[in-house]
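Counting starts at 1 for both ligands and their atoms, in listed order. Starting from 1, each residue takes its place in the sequence as its number.
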Amino acid sequence: MFDLFAKFRKTKIWDFDGGIHPPEMKDQTRLIPVRRPALPDYFLIPLQQHLGPEGELLVKQGDHVLKGQALTRGQNRTLPVHASTSGEITDIGYYPSTHPSAIPERCVCLKPDKLDQWCELSPLTDYHTYPAEQLIAHIHQAGIAGLGGAVFPTASKIQGAQGKVKTLIINGAECEPYITADDRLMQEYADELITGCEILRHILQPTEILIGIEDNKPEAIQSVKSALQRNGSSDIFVRVIPTKYPSGGAKQLTKILTGREVPHGGRSSDIGVLMQNVGTVFAIKRAVINGEPLIERIVTITGDAITNKGNVWARLGTPVSALLQQSGYQIQPTPMVIMGGPLMGFALPDLNVPVTKMTNCIIAPSATEIEPPEPEQACIRCSRCADACPCDLLPQQLYWFSRGKEHEKARSYNLFDCIECGSCAYVCPSNIPLVQYYRQEKAEIRELDEQAELARIAKIRFEAKQARLEKEKQARLQRHKQAETKPDAEDNNVIQAALERIRKQKSAENSDSTTQPVIKSINGDVLPDNSAVIAARQARKAQRQKEQAAQLAQQTKPETSEIAEQDPRKAALAAAIARAKAKKAQQKQTSQPETLIAPAETTPVTSAPINDERKAAVAAAIERAKARKQQHHQQQQASAKENHVELPAAKQTVEQSNIKPADKVPDESADARKAAVAEAIARVKARKAQQKALQLAASNEVKIGEE
Ligand code: SF4
Ligand code: SF4
């Protein structure tokens, strides 16, 4: 009875609020076996095909790579991408991305060599013998991401849920119209799907494993159940759920299979649930058992513009145009190709974009298959959108907040719980593209959050810097305070040594006056008193100059006496010169104390006036001699006038014409000739005396300067 009740409980399913029932449109492809198209002429392999940053590039242009060879390095949440076939790297650059904007992204351009040769693979066939960590790392290096559309790194998702998972849900709902990729995979590869479930059970050790499949896939349900029986996996259960959009959503399927709801802002692992898409589980099996990285996936190619509809094994990086061409694509008058389903997909702006890990369907509808969008009208507050929302949101409120840029209100109304299923827009009678408003609002809020985070980090850094500067300032002040109150012994030693050096230097300078008295300097140092030495030096200089003056007087005295004997006028001139010299010597003597103090500085200044005075004295003596001579000559002329009237004219003519008197005046008196000769001799002697006086004065100046 108890087992029967438990079995009944495990088959029970729940329902979620909201949801819609659009036309399924799956019959076009769900019964057509998956096929393998021919390799395209080139592959464009995007370096980032998952939720996270791109990996470090491992190849360069011109390299030859093998099928399955890693093109980028995978670390942490960065997944590697692999070569989809063997061939040559012809380019690494930016190409249109698989995105509504077709914004360029970095891709590796690979030209196939048509050999399709695998690189060396490293399978972990006997996975039971490997620890969970090693298997998770192996899955990570295989580049596996969630193939249900989220492309979240699978290894990170498994690692984060380790030890928390009670229920492992394998998502085979595939609820969106047109898409049958998972349906065909379950029909054709059910055994490998069950092996993948066994690998996950070995890693996560869950209590139960549930495979949820919508009831519009009877072939897939039967195939999986048969595989479970063949593999003896009696503890893995298939749960058939009603067809309703979006039952394939993670939160919705969790609610349907377990009756539990994921809290707002939380994850399914918070309630002990981990969900994996059937395509992802199949890729895990290929990676662990076969050692193959993720280089291909099943893609549904459908729509009335396609003549050869069905599912294909599309290599990652295959241009969409190549798949359409091999599927018999008929170009329409208003061409439109949709990647993904009609509710959550987007129209491709460029058909040369590549297939990526998130590509599950390509729809090429005819002109009549999908009507063009009708013009948007005003909201009539009918609340149909709220009734259809599977996440219990208020879409019309979110619409108003998004239009009004009221970010905080949109956030408080749980905008980020919106799974962008499009149910609200599907039922809106005003044709409002609600999902587009929500996507735009989410992007703006994320950008503002990033800016706020950057500002917060900058503020933390600024405050940390201020705190560091303040700490350094306080430490500096503390050091100064300690230095003032308690001098350092080392500093004292340095100061004392410097003072000692100064004392020794000064004592060496005054070594000749060891017994001199001392005086105190301004700073209190004891210094020797040199005033006595200076006075003694000045006295010695004064004595030496006195002796020099006396010697000069003796030298000039004999000369003047000789001149006096020859001619009294010469003697008078020599005496005048001697007096001038003596007077100058006396003046020098009286000015000696000043020059002794700083002879080198005062001598050049005082020498010029001394020379001028000497010259003036000599000139005055000459003038006086000339005056006397003129007076004497006038007396002679007066006496001669009395005897001979023509004498002055003849004398005047001789003096002015410089002609020999003997030629002109042969009868001139003997006194006049004697006077002229004496005058010439006096001029010569005066000049000599003047030169001697100048030489003597110069020698005195040199001696004074040397002293
Ligand atoms: S369904 Fe459209 S018209 Fe109706 S309330 Fe929602 S947004 Fe407004
Ligand atoms: S798109 Fe968002 S708001 Fe609209 S029904 Fe889906 S979950 Fe609700």
Side-chain angles (χ1 to χ4, degrees), residues 14-24 100 146 148-150 152 171 173-179 214 241-256 260-268 275 338-347 358 360-361 371 373-446:
W14 286 260
D15 193 10
F16 63 91
D17 296 332
I20 56 176
H21 294 85
E24 297 178 4
F152 191 86
N171 188 347
E174 200 174 45
C175 56
E176 195 161 3
Y178 282 96
I179 307 173
E214 280 187 329
I241 61 175
T243 299
K244 180 181 176 183
Y245 182 83
S247 58
K251 293 181 179 179
Q252 288 68 40
L253 187 58
T254 300
K255 176 72 182 295
I256 292 170
R260 286 173 283 179
E261 292 188 359
V262 180
H264 286 298
R267 295 179 179 177
S268 57
M275 185 174 295
I338 298 170
M339 181 168 281
L343 291 169
M344 298 186 72
F346 56 90
M358 67 175 294
N360 58 357
C361 182
E371 295 178 355
E374 296 184 14
E376 178 182 341
Q377 298 180 12
C379 173
I380 59 175
R381 300 181 186 273
C382 65
S383 77
R384 287 189 193 178
C385 51
D387 296 338
C389 181
C391 299
D392 295 329
L393 301 177
L394 296 173
Q396 75 274 25
Q397 300 297 336
L398 294 175
Y399 162 65
W400 290 114
F401 296 148
S402 300
R403 282 197 60 171
K405 308 292 182 186
E406 297 179 79
H407 303 310
E408 287 310 311
K409 283 188 177 178
R411 195 197 300 266
S412 66
Y413 274 68
N414 300 313
L415 173 66
F416 285 91
D417 281 351
C418 170
I419 60 173
E420 302 176 11
C421 67
S423 299
C424 52
Y426 181 79
V427 300
C428 179
S430 297
N431 303 311
I432 301 173
L434 296 168
V435 180
Q436 293 184 21
Y437 282 105
Y438 304 152
R439 286 174 179 162
Q440 175 75 18
E441 179 67 3
K442 285 180 180 178
E444 290 184 13
I445 292 177
R446 286 194 186 103

E444/Q440 under side chain to side chain donor-acceptor pair (under 3.5 Å): CA gap, chis, key distance, verdict: CA-CA 6 Å; E444 290 184 13; Q440 175 75 18; 3.1 Å; yes
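- The atoms of ligand 1 that sit less than 4.0 Å from any heavy atom of C379 are 3 (S), 5 (S), 7 (S), 8 (Fe).
- By the 6.0 Å contact criterion, CZ on R384 is open, its count of non-hydrogen atoms from other residues, nucleotides or ligands being 12 or less.
- Other residues, nucleotides and ligands contribute over 12 non-hydrogen atoms within 6.0 Å of the CD atom of Q397.
- Using a 4.5 Å heavy-atom cutoff, the side chains of K251 and E261 are not in contact.
- Proximity to S430 (heavy-atom distance under 4.0 Å) selects the following atoms of ligand 1: 3 (S).
- The atoms of ligand 1 that sit less than 4.0 Å from any heavy atom of S383 are 4 (Fe), 5 (S).
- Look at C382 and atom 4 (Fe) of ligand 1: an N/O/S atom of the residue is under 2.8 Å from the metal.
- Considering CD of E441 and CZ of R446, their distance stands at 11.0 Å, rounded to 0.5 Å.
- With a 4.5 Å cut-off on side-chain heavy atoms, I256 and K244 do not count as touching.
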Check residues 409-432 and write down every donor-acceptor pair under 3.5 Å in which the side-chain atom is one partner and the other belongs to a residue at least two apart or another chain.
unit_1, atom_1, unit_2, atom_2, d
K409, NZ, E406, OE1, 3.3
R411, NH1, D449, OD2, 3.1
R411, NH2, D449, OD1, 2.8
R411, NH2, D449, OD2, 3.4
S412, OG, E408, O, 3.3
S412, OG, K409, O, 2.7
D417, OD2, H264, ND1, 2.1
E420, OE1, R439, NE, 2.9
E420, OE2, K442, NZ, 3.1
S430, OG, A378, O, 2.8
N431, ND2, E374, OE1, 3.3

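- In this structure, ligand 2 sits under 4.0 Å from heavy atoms belonging to C389, P390, C391, P395, C418, I419, E420, C421, G422, S423, C424, V435, Y438.
- The atoms of ligand 1 that sit less than 4.0 Å from any heavy atom of R381 are 5 (S), 8 (Fe).
- Side chains of W400 and R381 form a contact here, defined as non-hydrogen atoms less than 4.5 Å apart.
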